[in-house]
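Have a look at the structure below before the remarks.
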Amino acid sequence: MQKNKKIFLALFIIFMLIILYVSYDISKRTTFPGSKGNLKERISNEVESPAK
C-alpha cells in the first residue's frame with residue numbers, strides 16, 4: 001500500500017504542475033476585460049470590422 005501512495009502522490013504533483021503551467025500560460029496571453037476602457041473608437045471599429 002505504501003508504494004501505491006507514493007505513485008499516487010507523484011502523479012498528483014505532476015498533474016498539479018501541468019495545471020499550474022497551463023493556467024499561467026493562459027493568464028499571460030489574455031487580458032482582464034475590465035482593464036480595457038469602452039472607447040467609442042474601439043467599439044465602432046469592432047462593430048464595423050465583421051461587416052466589411
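- In this view, I13 and L9, L17 satisfy the side chain to side chain contact (heavy atoms under 4.5 Å, CB included) rule, not counting sequence neighbours.
- With sequence neighbours excluded, the residues forming a side chain to side chain contact (heavy atoms under 4.5 Å, CB included) with I7 are K3, L11, listed by chain and number.
- Applying the salt bridge (charged side-chain N to carboxylate O under 4.0 Å, His left out) test to pairs two or more places apart or on separate chains, none has a residue in residues 8-21.
- For residues 7-28, the set of pairs meeting the side chain to side chain donor-acceptor pair (under 3.5 Å) definition, not counting sequence neighbours, comprises D25-R29.
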